[in-house]
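Comments concern the structure below.
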Amino acid sequence: MSHKNNVPRFTGAFTVNLGYKDFDFTMMFQGATGAVTYVKTFSGQIGNYLKEHADNRWTPDNPDASYPRTFNRDEEYWRSQQNTFFLKSTDYIRLKNIELGYTVPRALVSKARIQNLRIYVSGFNLLTFDKLKVFDPEGTSSTGQFYPQQRVYNVGATVTF
């Protein structure tokens with residue numbers, strides 16, 4: 001019998017390395033599956049509600065809502081009794097990095113006493129595909145208090161004299 005927790009059952013990565021003439025291309029996807037998190041934001045007097053919850057909460061005018069009425073932190077009996085309604089999958093696939101490079105032919109750079117010149121553009125954490133949507137699926141916090149993944153873009157050159 002298996003139980004649900006925040007440890008993925010599978011983590012992995014897939015890397016592509018291609019080269020054509022003086023161009024090179026690298027791309028890596030990473031992902032994980034089989035873990036869950038209990039989404040438990042501190043909403044109410046000390047925090048905001050998630051937009052999905054606020055937009056779809058029960059009110060007298062919206063009795064068929066998909067979320068319960070608003071509440072203050074854990075003051076409702078059903079918030080402190082973790083239930084499957086707030087249990088969300090953290091499965092994800094992320095485009096972790098991608099890089100495109102061009103090595104300038106030696107004949108063009110040798111007059112400047114350069115042995116090798118490679119120019120490149122790259123990016124990290126560009127896309128994440130997940131169902132969680134409200135937090136980083138790799139994060140350890142289910143309360144919304146986390147430092148998000150940074151998206152980074154680089155332009156650079158590698159020069160060998």
Side-chain angles (χ1 to χ4, degrees), residues 1-44 46-57 66-67 73 79 82-161:
M1 181 174 169
S2 67
H3 62 283
K4 297 179 180 189
N5 60 39
N6 64 348
V7 178
R9 291 180 170 268
F10 174 81
T11 59
F14 176 76
T15 303
V16 175
N17 292 304
L18 301 172
Y20 179 74
K21 295 188 179 185
D22 294 324
F23 289 93
D24 59 271
F25 177 77
T26 303
M27 178 173 55
M28 183 183 90
F29 287 92
Q30 81 173 43
T33 186
V36 294
T37 191
Y38 189 74
V39 177
K40 187 175 184 177
T41 58
F42 293 117
S43 304
I46 67 165
N48 294 326
Y49 293 93
L50 298 174
K51 182 176 182 349
E52 181 181 5
H53 187 160
D55 290 347
N56 300 299
R57 72 188 184 279
S66 56
Y67 275 79
R73 299 174 71 183
R79 281 294 288 170
Q82 293 186 356
N83 56 65
T84 58
F85 183 82
F86 291 101
L87 194 63
K88 306 293 181 184
S89 169
T90 58
D91 296 354
Y92 74 94
I93 296 174
R94 174 172 283 142
L95 177 55
K96 192 65 178 177
N97 68 351
I98 189 168
E99 182 170 298
L100 175 63
Y102 176 71
T103 302
V104 179
R106 185 176 287 224
L108 295 176
V109 296
S110 62
K111 292 178 185 176
R113 297 185 183 193
I114 296 174
Q115 291 182 11
N116 188 36
L117 173 61
R118 179 177 175 269
I119 301 166
Y120 63 91
V121 295
S122 65
F124 297 91
N125 297 321
L126 299 181
L127 298 169
T128 301
F129 304 97
D130 67 312
K131 294 178 184 176
L132 188 58
K133 304 291 183 211
V134 294
F135 307 130
D136 178 10
E138 277 187 284
T140 57
S141 173
S142 61
T143 64
Q145 299 172 341
F146 68 98
Y147 194 78
Q149 290 281 343
Q150 298 299 298
R151 186 172 293 147
V152 179
Y153 302 95
N154 294 308
V155 176
T158 304
V159 182
T160 306
F161 292 98

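- Of the charged side-chain nitrogens involved, at least one lies within less than 4.0 Å of a carboxylate oxygen, so that R94 and D136 count as a salt-bridged pair.
- Using a 4.5 Å heavy-atom cutoff, the side chains of M27 and F14 are not in contact.
- A distance of 12.0 Å separates CG of L108 from OG1 of T103, quoted to the nearest 0.5 Å.
- Looking at T160, T158, D24 one by one, the single match for side chain to side chain donor-acceptor pair (under 3.5 Å) with R118 turns out to be D24.
- Remark: of the listed residues E52, R57, K51, K51 is the sole one forming a side-chain contact (heavy atoms from CB on, under 4.5 Å) with D55.
- The minimum heavy-atom distance between T11 and A32, with the atom names listed, is CG2-CB, 3.7 Å.
- Here CZ of F29 is found 4.5 Å from CG of L95. Values are rounded to the nearest 0.5 Å.
- A distance of 7.5 Å separates CZ of R151 from OG1 of T128, quoted to the nearest 0.5 Å.
- Closest of all the heavy-atom pairs between F161 and I114 is CE2-CG1, 3.9 Å.
- With a 4.5 Å cut-off on side-chain heavy atoms, N125 and V152 do not count as touching.
- Between F10 and G12, the closest heavy-atom pair is CE2-N, 4.0 Å.
- A cation-pi arrangement, defined by a distance under 6.0 Å to the six-membered ring centre and an angle within 45 degrees of its axis, is present between K88 and F85.
- Put simply, the residue from D91, I93, T90 that forms a side-chain contact (heavy atoms from CB on, under 4.5 Å) with P137 is T90.
- Taking CZ of F124 as the reference point, atom CG of N97 lies at 5.5 Å (rounded to 0.5 Å).
- By the 4.5 Å heavy-atom criterion applied to side chains, L126 and Y153 are counted as neighbours.
- Side chains of T26 and N17: a donor-acceptor N/O pair is present below 3.5 angstrom, by distance only.
- Summarising the geometry, atom OG1 belonging to T33 is positioned 9.5 Å from atom CZ belonging to R9; distances are rounded to the nearest 0.5 Å.
- Of all non-hydrogen atoms in A157 and L117, the two that sit nearest each other are CB-CD1, 4.2 Å.
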